Amino acid sequence: MTGPPVIAWLGRAPPPELSAQLGRLAWVRPGWQRGARVAALWGDSDPKLLAQLPDGNDRPPVVVACVDNPPAEVRRRWEAAGADHVVTADALLPTLREWLEGPARAEHADDPPTFNPGGGALADDVEPSLTVLAGPVHVDQADPFPPLRLGEVPQEGDEAVRRYVLALDRYLERREEVVRLMGEDGLTRFLELTHLREQVPVSLSAGRQRLDPYGRGRQAEAPDWKVIVRRMKPRTREIEASEGRLYAIGTDGVVLVTLFAAGPRQRLLVDLPLDPQTNVQFIYEARWQRRIGARRWHVGALLVEMRRRALGDAAG
């Protein structure tokens, strides 16, 4: 017989009233408990408490509760440390209920079978700052993916974007040379090799850093870049576009916050302003995803190609 699900509560315990409410959802156990479905802790806790959690596929989702609405810097600090949700205390119960009663969490791996598009009754908690830009549009054969921007006001370029794009230019050129030499499925084999290489120095820190090509577990904070994400709708000649956000940035890929589920190895096109006249467009290949809300996903995607597009271009 299986008992109720377990919430692992890290650090300072919740007050009795909240503990009673949580107890109607699950068993609440102090510290890490093997098999726990969710880990939770207070926003004023030390992020080092997350070192108690296992790495890899056994790591549970992490929910951080703040007494008041968490400032942006607090949210970014916890997300950089590996938290999945940073919520107010009032939103804690609904958020935990979603993890405990919603669809099982997709494994963190790079295989199409690990995809879990989700299902079940979840609260409608789409981030108000992310919106679907328009209904599906028919593809223009001359230029199916013209550069797009958010709003009508010209957006100034971000110096961090320019530095990032310059570094990617140099890296992708050399990566392509190596991948071609590795033959069929060369990119996957290359990433497996470099991922294992990164674990060598990490082994000296008792595995407390989780480094992967998507940027999960890195100490550096991901910049707060909003993007436009587009995908081809399955079995149609239509494109779906929405706002998105870069949740993490790694060596060869990213974790995107999207408002739609991606298919296994589906190509996604992401627009980011480079300067007032130019967008940089990233072509990603979705490799894993995890549902984090009723209509919100984390999609781990590998960077396949990067290109610059002048606004008003007529060809790709």
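Computed from a predicted model, the values in this text were never measured in an experiment.
Sorted by first and then second residue, the salt bridge (Lys or Arg N to Asp or Glu O under 4.0 Å) pairs with a member in residues 248-264 read Arg175-Asp252; sequence neighbours excluded. Within the structure, salt bridge (Lys or Arg N to Asp or Glu O under 4.0 Å) pairs that include any residue of residues 20-35 do not occur (at least two apart or interchain). Legend: ring-ring contact (aromatic ring centres under 6.0 Å, His included) pairs involving residues 5-24, not counting sequence neighbours, sorted by first then second residue: Trp9-Trp42. Counting only residues at least two apart or on different chains, the salt bridge (Lys or Arg N to Asp or Glu O under 4.0 Å) pairs with a member in residues 8-19 are Arg12-Asp44.
Using a 4.5 Å cut-off on side-chain heavy atoms (C-beta onward), Trp297 and Arg290 make no contact. The shortest side-chain heavy-atom distance between Trp27 and Pro5 does not fall under the 4.5 Å cut-off. Between Trp78 and Leu50, the closest side-chain pair of non-hydrogen atoms falls below 4.5 Å. Between Arg230 and Leu268, every side-chain heavy-atom pair lies at or beyond the 4.5 Å cut-off. At a threshold of 4.5 Å between non-hydrogen side-chain atoms, the residues Val38 and Pro60 do not count as touching. Counting heavy atoms from C-beta outward, Thr251 and Thr194 have side chains that stay 4.5 Å or more apart. Residues Tyr247 and Leu256 form no side-chain contact, since every pair of their non-hydrogen atoms from C-beta on lies 4.5 Å or further apart. Residues Leu259 and Glu243 form no side-chain contact, since every pair of their non-hydrogen atoms from C-beta on lies 4.5 Å or further apart.
Taken to the nearest 0.5 Å, the CG atom of Leu166 stands 10.0 Å off from the CG atom of Leu274. The CG atom of Leu49 sits 6.0 Å away from atom CG of Asp46, with the distance rounded to the nearest 0.5 Å. One finds the CG atom of Leu269 at 10.0 Å from the CD1 atom of Ile228 (value rounded to the nearest 0.5 Å). If you take CZ on Phe260 and CD on Glu240, they are separated by 5.5 Å, rounding to the nearest 0.5 Å. To the nearest 0.5 Å, the span separating CZ on Arg97 from CD on Gln21 amounts to 9.5 Å.
Residues forming a side-chain contact (heavy atoms from CB on, under 4.5 Å) with Asp169 (at least two apart in sequence, or on another chain): Val165, Met306, Arg308. Scored by the side-chain contact (heavy atoms from CB on, under 4.5 Å) test, Arg180 finds Glu176, Glu177 as partners (sequence neighbours excluded). The ring-ring contact (aromatic ring centres under 6.0 Å, His included) search around Trp32 returns none, not counting sequence neighbours. Residues satisfying the ring-ring contact (aromatic ring centres under 6.0 Å, His included) test with Tyr164, not counting sequence neighbours, are Trp225. Applying the side-chain hydrogen bond (donor to acceptor under 3.5 Å, both in side chains) rule to Gln281 yields the partners Asp271, Arg307; only residues at least two apart in sequence or on another chain are considered. Residues satisfying the side-chain contact (heavy atoms from CB on, under 4.5 Å) criterion with Pro30, sequence neighbours excluded, are absent altogether. Residues passing the side-chain contact (heavy atoms from CB on, under 4.5 Å) test with Val178, sequence neighbours excluded: Met182, Phe190. Legend: residues meeting side-chain hydrogen bond (donor to acceptor under 3.5 Å, both in side chains) with Thr278, ordered by chain and number and at least two apart, are Asp275.
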* Please report the C-alpha distance between Ile283 and Phe145 in whole Å, then the side-chain angles of each, then the deciding distance to 0.1 Å, and finally whether the side chain to side chain contact (heavy atoms under 4.5 Å, CB included) criterion is met. => CA-CA 11 Å; Ile283 299 175; Phe145 293 102; over 6 Å; no
* Steps toward side chain to side chain contact (heavy atoms under 4.5 Å, CB included) verdict (Leu41, Val62) -> CA-CA 8 Å; Leu41 69 167; Val62 176; 3.9 Å; yes
* Residue pair Val64, Val74: steps toward the side chain to side chain contact (heavy atoms under 4.5 Å, CB included) verdict -> CA-CA 10 Å; Val64 177; Val74 172; over 6 Å; no
* Would you please test Val299 and Val255 for side chain to side chain contact (heavy atoms under 4.5 Å, CB included) and show each step? => CA-CA 5 Å; Val299 176; Val255 180; over 6 Å; no
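Seen from the ring of Tyr284, Arg267 does not count as a face-on cation partner, given the 6.0 Å and 45° thresholds.
The pair Arg75-Glu73 fails the salt-bridge criterion, with no side-chain N (NZ, NE, NH1 or NH2) lying under 4.0 Å from an Asp/Glu carboxylate O.
Judged by distance alone, with hydrogens and angles left aside, the side-chain atoms of Thr88 form no donor-acceptor pair with the main-chain N or O of Cys66 at under 3.5 Å. Looking only at distances, no side-chain donor or acceptor of Gln266 sits under 3.5 Å from a matching main-chain atom of Glu285.
Hydrophobic clustering (ILVMFWY, side-chain heavy atoms < 4.5 Å, transitive): Leu193 and Leu302 are in distinct clusters. Cluster annotation: Val67 and Leu92 are assigned to distinct hydrophobic clusters (Ile/Leu/Val/Met/Phe/Trp/Tyr, side-chain heavy-atom contacts under 4.5 Å, transitive).
Listed here is the closest heavy atom pair of Pro147 and Asn279: CB-ND2, 3.8 Å. When all heavy atoms of Ala286 and Ala262 are compared, the pair lying nearest together is CB-CB, 3.8 Å. Closest heavy-atom contact between Pro47 and Arg77: CG-NH1, 3.5 Å.
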